[in-house]
Amino acid sequence: PPPGKIMTETKVFKRSALIACSDEWMCKSLQTLFHEKGYSATRVSSGKQALQQARRNGFDVVLLDENVDELPAVDICLALRDDPLFDHATPIVVTSSAHATPRSRTAAYAAGAWEYCKQPLDADGLFLKLATFLRARDQLARSESQRLMDPTSGLYTQFGLEQASEQLSARAQRRHEPFACVAFSTEVLD
């Protein structure tokens, strides 16, 4: 760098997509499209691979060809919908290269797909929808991280403890009272 300039490292956040498609040419085309839109994209050629990857790798978007080999997209959607370890805020898009019928579209939505697209894809429309879905997902994550209480246990979350301690500290300062805060954890230390 020039003298007097400070180099700072900036990390570029890249969304990730899983693409499941049996047709290699179509899969490569979709992967290229996602790369052009700024995503890192992983492609698989079978439904079983898609299911394993989606469960394990935390993708931001899952795109499934309706007739992917070994396990149809609707079955993958159903399996992911019922999987407690899958992040259900992850948009799942089903594409169809065949004639899309109202029945196949309805089946995909009922199974948990967020969108159903006919090929050739309207890429601009799809990526606008994905941007909307991902903004909603990010907002959900932000709001969940700012919950005061854990709905399952009824105990304060870390954020809730921080908020409560700030309020108690401020009240103690206003009243010129002593203040102490103790927090317990259920973690077992070795």
At what distance, to the nearest 0.5 angstrom, does [atom1] of [X] lie from [atom2] of [Y]?
X	Y	atom1	atom2	result
Asp75	Leu80	CG	CG	11.0 Å
Ser22	Glu70	OG	CD	8.5 Å
Ser104	Tyr109	OG	OH	10.0 Å

Closest contact, heavy atoms only, [X] versus [Y]:
X	Y	result
Ala50	Ala20	CB-CB, 3.5 Å
Glu66	Ser96	OE1-OG, 3.0 Å
Phe133	Trp114	CG-CE3, 3.5 Å
Val68	Ser46	CG2-C, 3.8 Å
Val62	Ala54	CG2-CB, 4.3 Å
Val94	Ala73	CG1-CB, 4.0 Å

Tell me, do [X] and [Y] make a side-chain contact under 4.5 Å, heavy atoms counted?
X	Y	answer
Asn57	Leu18	no
Arg137	Thr90	yes
Asp83	Arg55	yes
Tyr39	Ile19	no
Ser97	Asp65	yes
Cys117	Val93	yes
Gln52	Val44	no
Ser45	Asp69	no

Does atom [atom1] of [X] have more than 12 heavy-atom neighbours from other groups under 6.0 Å away?
X	atom1	result
Lys48	NZ	no
Glu24	CD	no
Arg56	CZ	yes

Give every donor-acceptor pair under 3.5 Å between a side-chain atom in residues 120-131 and any protein atom, sequence neighbours left out.
{"residue": "Asp122", "atom": "OD1", "partner": "Gly125", "partner atom": "N", "Å": "3.2"}
{"residue": "Lys129", "atom": "NZ", "partner": "Glu115", "partner atom": "OE1", "Å": "2.9"}

**Message:** Going by side-chain hydrogen bond (donor to acceptor under 3.5 Å, both in side chains), name the residues that satisfy it together with Thr42, two or more places apart in sequence or in a different chain.
**Reply:** none
**Asked** Do Leu78 and Phe59 share a hydrophobic cluster (ILVMFWY, side-chain heavy atoms under 4.5 Å, transitive)?
**Response** no
